[in-house]
Amino acid sequence: MPDTETMRGVVQQFTRAWGHPRVDQFVELLHPDVRLLQPVTKPIVGREAAREEFSRLLRWLPDLRGTIDQSAIDGDVALIAWRLRFTLGRKAFELRIVDRIVVAAGLIREREAYYDSLGLMLVLLRRPRTWPGYWRYRGYLPG
């Protein structure tokens, strides 16, 4: 089980990675057998699948930035409350998220994100300019 200092280091790296997102920065945080879970999408398993997901996400939302509000550590689990900001259809949008992160060997072994996926979908539906980008991100249209 990781010690508190290791866990704090992972939270700090997570904070830096989302503050100025770059694909390689995200992938460096991940355990080779990482499992990423979030509403409305199937699980993302492994570093290469995560690399593809982050690449598509940053192509769709190039101004994406995250701000950490609070974190708590309990053994090998960190809970992180944060906000993700980006532009959707020429308008700013903020998504509030709580992540449960499990750490192994100083890397993120599992991340489960909790957020209002219905609220996000309703905003997407009201902003038709976002549809083609979202469909490409989700793989329904060629990149």
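Hydrogens, waters and symmetry mates play no part in the numbers below; they use all other heavy atoms, side chains included.
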About how many Å separate [atom2] of [Y] and [atom1] of [X], when rounded to the nearest 0.5 Å?
X    : Y    : atom1 : atom2 : result
E110 : L36  : CD    : CG    : 9.0 Å
L29  : R47  : CG    : CZ    : 9.5 Å
L64  : F93  : CG    : CZ    : 12.0 Å
R127 : Y134 : CZ    : OH    : 15.0 Å
D3   : R8   : CG    : CZ    : 9.5 Å
T130 : W135 : OG1   : CH2   : 8.5 Å

Review point. Does L120 reach the side chain of D116, with side-chain heavy atoms less than 4.5 Å apart?
Key: no
Review point. Considering only heavy atoms from C-beta outward, does the side chain of V34 approach that of R111 to under 4.5 Å?
Key: no
Going hydrophobic residue to hydrophobic residue with side-chain gaps under 4.5 angstrom, can you get from [X] over to [Y]?
X    : Y    : answer
L118 : Y114 : no
F26  : L107 : no
F14  : V102 : no
V45  : L37  : no

Closest non-hydrogen atom pair, [X] against [Y]:
X    : Y    : result
H20  : Q25  : O-OE1, 3.1 Å
A113 : P39  : O-CD, 3.3 Å
W131 : L124 : NE1-O, 2.8 Å
P21  : L58  : CB-CD2, 3.7 Å
P2   : V103 : CG-O, 3.8 Å

Practice item. With side-chain contact (heavy atoms from CB on, under 4.5 Å) as the test, would you mind laying out the steps for W18 and I97 before giving the verdict? Key: CA-CA 12 Å; W18 282 105; I97 305 169; over 6 Å; no
**Study point:** Short N-O contact, R138 and E53, less than 4.0 angstrom
**Key:** yes
Practice item. For the pair R51 and E48, find out whether any cationic side-chain nitrogen is under 4.0 Å from an anionic carboxylate oxygen. Key: yes
**Study point:** Test log, rule side-chain contact (heavy atoms from CB on, under 4.5 Å), inputs L30 and I108
**Key:** CA-CA 5 Å; L30 304 177; I108 296 172; 4.0 Å; yes
Practice item. Could you walk me through whether L61 and L57 pass side-chain contact (heavy atoms from CB on, under 4.5 Å), step by step? Key: CA-CA 6 Å; L61 302 171; L57 178 64; 4.0 Å; yes
Practice item. For atom CZ of R35, decide whether the heavy atoms of other residues, nucleotides or ligands shown that lie under 6.0 angstrom number more than 12. Key: no
**Study point:** Residues, nucleotides or ligands: over 12 heavy atoms within 6.0 Å of R65 CZ
**Key:** yes
Review point. Hey, mind stepping through R126 and K91 against side-chain contact (heavy atoms from CB on, under 4.5 Å) and telling me if it holds?
Key: CA-CA 11 Å; R126 287 193 305 264; K91 293 182 183 176; over 6 Å; no
Would you mind writing out the side-chain donor-acceptor pairs for residues 66-87 within the sub-3.5 Å range, not counting sequence neighbours?
residue, atom, partner, partner atom, Å
T67, OG1, R85, NH1, 3.3
D69, OD1, R83, NE, 3.0
D69, OD1, R83, NH2, 2.6
D69, OD2, R83, NE, 3.0
W82, NE1, D99, OD2, 3.3
R85, NE, E94, OE1, 2.8
R85, NH2, E94, OE1, 3.0
T87, OG1, D63, OD2, 2.4

**Study point:** Side-chain (R56) to main-chain (Y137) donor-acceptor, under 3.5 angstrom
**Key:** yes
